[in-house]
Amino acid sequence: MTGTARVQLVRDATFAVLGDDGSVNGSRGAAPDGLFLRDARHLSRWRLTVDGDSPGVLLPSAARPDGTAECVLTPAGTRDEPAAYTVFRRQEVTAGRLTEHLRLVSNRPDPVTARVEVTVDADFADLFELRADDRHYPKPDSVRQAHPTADGAHFDYRRADWHARTTVTGSPRPDAVHAGPADADGTAHRLLWNLPLPPHGEAELRLTVEARPHGVPDATPVAPAPGPVADLPPGEDDDLDRACRQGLADLDLLTVTATGVDGEPVAVPAAGIPWFLTLFGRDSLLTSFFLLPYRPSAAAGTLSALAATQGRRHDPFSGEQPGRIVHEIRHGELAHFRQIPYGRYYGAVDATPLFLVLLHAHHETTEDPALAVRLEQHARAAVDWMLGDGGLTRHGYLVYTPDPGGLVNQNWKDSAGAICFTDGTQARGPIAVSEAQGYAYDALLRTARLAREVWHDDAYAEELDRHADRLRARFTRDFWMPDAGFPALALDGEGRQVDALASDAGHLLWSGILDDEHARRVGRRLLAPDFFSGWAIRTLAAGQRPYHPLSYHRGSAWPHDNAVIALGLARAGLHDEVRTVAEGLTSAAAHHGHRLPEVMAGYDRTRATGPVPYPHSCSPQAWAAATPLALRTALDAGSGSS
């Protein structure tokens with residue numbers, strides 16, 4: 001790739017990652033480039049040359065508010081002999097397509113002819129193949145083919161019943177299409193044009209790349225439009241207002257289509273790009289919760305889609321269990337052939353209680369019982385999972401056992417080693433993480449309210465209230481660390497307190513499982529300098545052995561984590577602390593065009609002029625995009641507004 005910067009375009013469940021010159025080189029690892037749809041790369045090479053050379057970047061590509069990207073390129077030239085013409089390149093992503101408009105403008109008083117060539121290829125790589133872990137997956141009897149067409153080239157990939165295609169067309173038609181070049185993969189093709197330019201005139205070339213993934217008709221489905229934004233209070237056009245607007249714009253881009261509980265298409269927030277443009281249980285649930293006062297339709301779509309994929313049987317490979325809410329859904333080749341467990345993967349301890357929390361919160365916010373009535377049996381099945389396979393009855397807590405073929409940790413801090421003791425040792429299962437117990441407590445209480453108010457089942461409500469009361473009493477007894485004055489991160493399989501000081505404790509304020517005195521103590525502790533970087537609360541307090549400011553979950557700072565904490569601080573009446581967290585996050589967003597990244601490094605605010613990006617952060621990312629809305633809700637709670 002000629003440039004070093006990356007440009008991301010996303011729309012209608014399709015995204016492209018391009019160089020600052022608009023090119024694609026088929027990179028892998030931390031930052032793969034290409035055109036992606038349904039977990040597959042449908043364009044792995046897209047290289048423009050003019051008169052045999054890659055043009056230089058005069059103005060690097062940048063994404064625009066309308067979802068397009070533009071750059072300005074020039075062929076080689078000198079001060080005395082400047083470039084004969086300039087290339088204006090405009091690219092756009094829509095449902096299943098990348099479209100490109102090239103406009104060549106002559107800088108000369110005489111006629112010239114530009115020889116334009118575009119090298120294109122499609123490797124159809126699964127996203128999981130492109131990750132930095134360098135894993136390799138066998139693909140027996142797979143066949144990749146390509147052939148020229150009258151107006152471009154066609155690429156085809158087959159493996160057993162799997163069939164994916166990419167078609168490239170040009171207007172005007174290319175003058176020639178050749179296989180190669182020699183330094184490219186075997187299916188690469190070169191499309192060539194000889195474009196005459198009159199004196200100081202111009203010529204245009206339009207190209208369309210159409211991705212046709214396996215299992216989808218030629219007309220790629222488009223997500224229903226997101227619901228209207230309601231009651232977004234007018235502000236003073238400050239950093240928080242701008243972050244809210246940017247967040248809503250990003251969430252519009254990240255909206256994808258899923259199938260609802262009755263087979264209807266629903267719009268849901270996908271988790272983020274480049275790795276997670278799909279329905280994620282935990283991410284979509286928390287994102288929808290943050291949006292509830294402003295866009296309740298997101299919650300309705302998410303709840304319906306998750307009810308449709310709720311577990312029905314026991315499958316150790318995918319972690320499916322009756323009543324369990326799915327963690328993630330994948331559509332790629334490796335999931336199709338069960339080479340990875342993520343086609344429908346259920347390895348999350350917290351998605352099921354969060355489903356119940358959101359279901360009640362939706363009813364509470366909208367005052368419309370219809371969805372709670374429609375999903376009653378799904379809610380009851382989710383409660384049954386918490387009490388049964390989830391572990392509440394047997395272990396006294398929601399627990400998970402590390403999955404060697406999937407996720408070692410199954411809470412929101414799901415990287416290996418994230419649930420650790422102060423010496424850095426990873427806890428061994430069955431593991432009961434603290435925040436999941438808070439979610440379970442809140443879920444039981446909220447579902448009891450639904451049982452009384454909507455389902456008219458007082459006996460069931462009383463049963464759930466009893467479970468909640470017993471869980472709260474056990475939690476304070478088993479998780480509170482008197483010497484630290486702080487709750488443990490988790491209990492391990494032997495019942496030992498996993499004693500690292502972690503941000504998960506802030507989620508306990510949101511769920512209400514701590515009494516008022518303990519909640520206020522925890523809330524104030526989270527704003528101490530070892531936790532609060534000045535930008536955000538770190539995942540682990542600095543100074544502990546496992547702390548690292550560039551660790552994914554052991555020292556970085558996550559906006560959504562801080563959003564949950566801010567809502568908890570507001571619930572505990574710690575409004576000064578809410579304002580401190582909100583100021584840090586909105587200031588961080590202002591350094592990134594008012595867009596919050598998925599995760600930031602944990603460096604102190606005094607160390608650099610701006611927040612230090614985490615190297616592999618998704619952006620845009622749904623729950624980070626929704627964080628400013630949650631901050632506004634938390635701040636409004638302190639100002640007395642609704």
Side-chain angles (χ1 to χ4, degrees), residues 1-3 7 16 18-26 33-35 43-61 69-92 98-122 146-155 166-210:
M1 192 170 292
T2 302
V7 177
L18 310 164
D20 65 2
D21 61 350
S23 63
V24 171
N25 273 358
D33 61 348
L35 176 68
L43 185 67
S44 56
R45 191 173 179 95
W46 190 248
R47 181 170 178 258
L48 170 69
T49 62
V50 181
D51 296 339
D53 291 316
S54 297
V57 178
L58 195 62
L59 183 67
S61 184
E70 294 186 1
C71 61
V72 181
L73 312 172
T74 59
T78 66
R79 184 173 59 183
D80 296 326
E81 290 289 337
Y85 30 83
T86 302
V87 182
F88 294 83
R89 189 176 201 178
R90 182 178 184 271
Q91 295 167 307
E92 180 181 13
L98 171 71
T99 56
E100 177 161 315
H101 177 206
L102 293 171
R103 185 165 59 93
L104 281 72
V105 177
S106 173
N107 302 320
R108 296 278 180 87
D110 303 310
V112 293
T113 298
R115 180 176 173 82
V116 176
E117 179 176 305
V118 175
T119 302
V120 58
D121 199 6
H147 63 265
T149 63
D151 52 4
H154 178 82
F155 300 85
T166 297
T167 301
V168 181
T169 57
S171 178
R173 289 180 171 181
D175 296 316
V177 180
H178 300 300
D183 64 341
D185 201 354
T187 57
H189 276 66
R190 294 177 294 134
L191 285 58
L192 300 95
W193 292 263
N194 293 299
L195 298 178
L197 298 174
H200 293 295
E202 61 182 60
E204 293 188 351
L205 173 60
R206 296 179 182 273
L207 297 115
T208 300
V209 182
E210 185 172 359

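The residues of the chain are indexed from 1 along the displayed sequence.
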*Does the side chain of D151 pick up a donor-acceptor pair with the side chain of T169 at under 3.5 Å?*
no
*Under the 3.5 angstrom rule, does the side chain of H200 hit a backbone N or O of P198 as a donor-acceptor pair?*
no
*Does E204 have any side-chain contact (heavy atoms from CB on, under 4.5 Å) partners at least two apart in sequence or in another chain, and if so, which?*
H101, R103, E202, R206
*Over 60° means perpendicular and under 30° means parallel, so classify the ring planes of H147 and H154, tilted if in between.*
tilted
*When rounded to the nearest 0.5 angstrom, what is the spacing between CG in D53 and CG in L48?*
11.0 Å
*Counting only N and O atoms by type, is there a donor-acceptor contact under 3.5 Å from the side chain of W46 to the main-chain atoms of T119?*
no
*Does any N or O in the side chain of R89 come within less than 3.5 Å of the main-chain N or O of D21, such that one atom is a donor and the other an acceptor?*
yes
_Euclidean distance, L18 CG relative to L43 CG, rounded to 0.5 Å_ = 8.5 Å
*Where is the tightest heavy-atom contact between S54 and R47, given as atom of each residue plus distance?*
OG-NH2, 3.2 Å
*Between N194 and R115, is any pair of side-chain heavy atoms under 4.5 Å apart?*
yes
_So which atom in A150 and which in P174 form the shortest heavy-atom distance, rounded to 0.1 Å?_
O-CD, 4.2 Å
*For G152, does its backbone N or O pair with a side-chain atom of T149 as donor and acceptor, under 3.5 Å?*
yes
